[in-house]
Amino acid sequence: MNLTKDPDAVIDYAVDWEDWLNGDTISTSTWTLESGITEDSESETTTTTTVFISGGTAGQQYVATNRIVTAAGRTN
């Protein structure tokens, strides 16, 4: 996920994995953020992952990567 954000904002970004899961569920979720932005918190449901991000530099684009493991052991 590429994102551009206001450095003073704390914004939530979500990924809906439901179509990819095809009936499976999320067991764990890990977010990896590019240097310059900070993870304030993260959460997941059985089909969606969310991260709250702060920091950054105005106009700069950043990459946030979400890795999940499912109940069936699939990883994406």
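A salt bridge (charged side-chain N to carboxylate O under 4.0 Å, His left out) check over residues 13-25, counting only residues at least two apart or in different chains, returns the pairs Asp24-Arg74.
Taking each heavy atom of Gly56 and Pro7 in turn, the nearest pair found is O-CB, 3.0 Å. Across all their heavy atoms, Gln61 and Glu34 have their closest contact at O-OE1, 4.0 Å.
At a threshold of 4.5 Å between side-chain heavy atoms, the hydrophobic network of Ile, Leu, Val, Met, Phe, Trp and Tyr places Ile37 and Val10 in two separate groups. When the side chains of ILVMFWY residues are joined at heavy-atom separations under 4.5 Å, either directly or via intervening members, Trp20 and Ile26 end up in a single hydrophobic cluster. Under the 4.5 Å side-chain heavy-atom criterion for grouping Ile, Leu, Val, Met, Phe, Trp and Tyr, Ile11 is connected to Tyr62 within one hydrophobic cluster.
Partners of Arg67 according to the salt bridge (charged side-chain N to carboxylate O under 4.0 Å, His left out) rule, which considers only residues two or more places apart in sequence or in another chain, do not exist here. Here Ser54 pairs with Asp40 under the side-chain hydrogen bond (donor to acceptor under 3.5 Å, both in side chains) rule; sequence neighbours left out. Scored by the side-chain hydrogen bond (donor to acceptor under 3.5 Å, both in side chains) test, Asp6 finds no partners at all (sequence neighbours excluded).
Within 6.0 Å of atom CG in Asn22, 12 or fewer heavy atoms from other residues, nucleotides or ligands are found, so the atom counts as exposed in its surroundings.
Remark: Ile68 CD1 to Thr75 OG1 distance equals 8.5 Å, nearest 0.5 Å. The CG atom of Leu33 lies 8.0 Å from the OG1 atom of Thr38; values are rounded to the nearest 0.5 Å.
No donor-acceptor distance shorter than 3.5 angstrom exists from the side chain of Glu39 to the backbone of Ile53, with no hydrogens or angles considered.
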Show the atom names and distances, to 0.1 Å, of all donor-acceptor pairs under 3.5 Å that link a side chain in residues 43-52 to residues at least two apart or in another chain.
| unit_1 | atom_1 | unit_2 | atom_2 | d |
| --- | --- | --- | --- | --- |
| Thr45 | OG1 | Thr47 | N | 3.2 |
| Thr45 | OG1 | Thr48 | N | 3.0 |
| Thr49 | OG1 | Trp17 | NE1 | 3.3 |
| Thr49 | OG1 | Asn66 | OD1 | 2.6 |

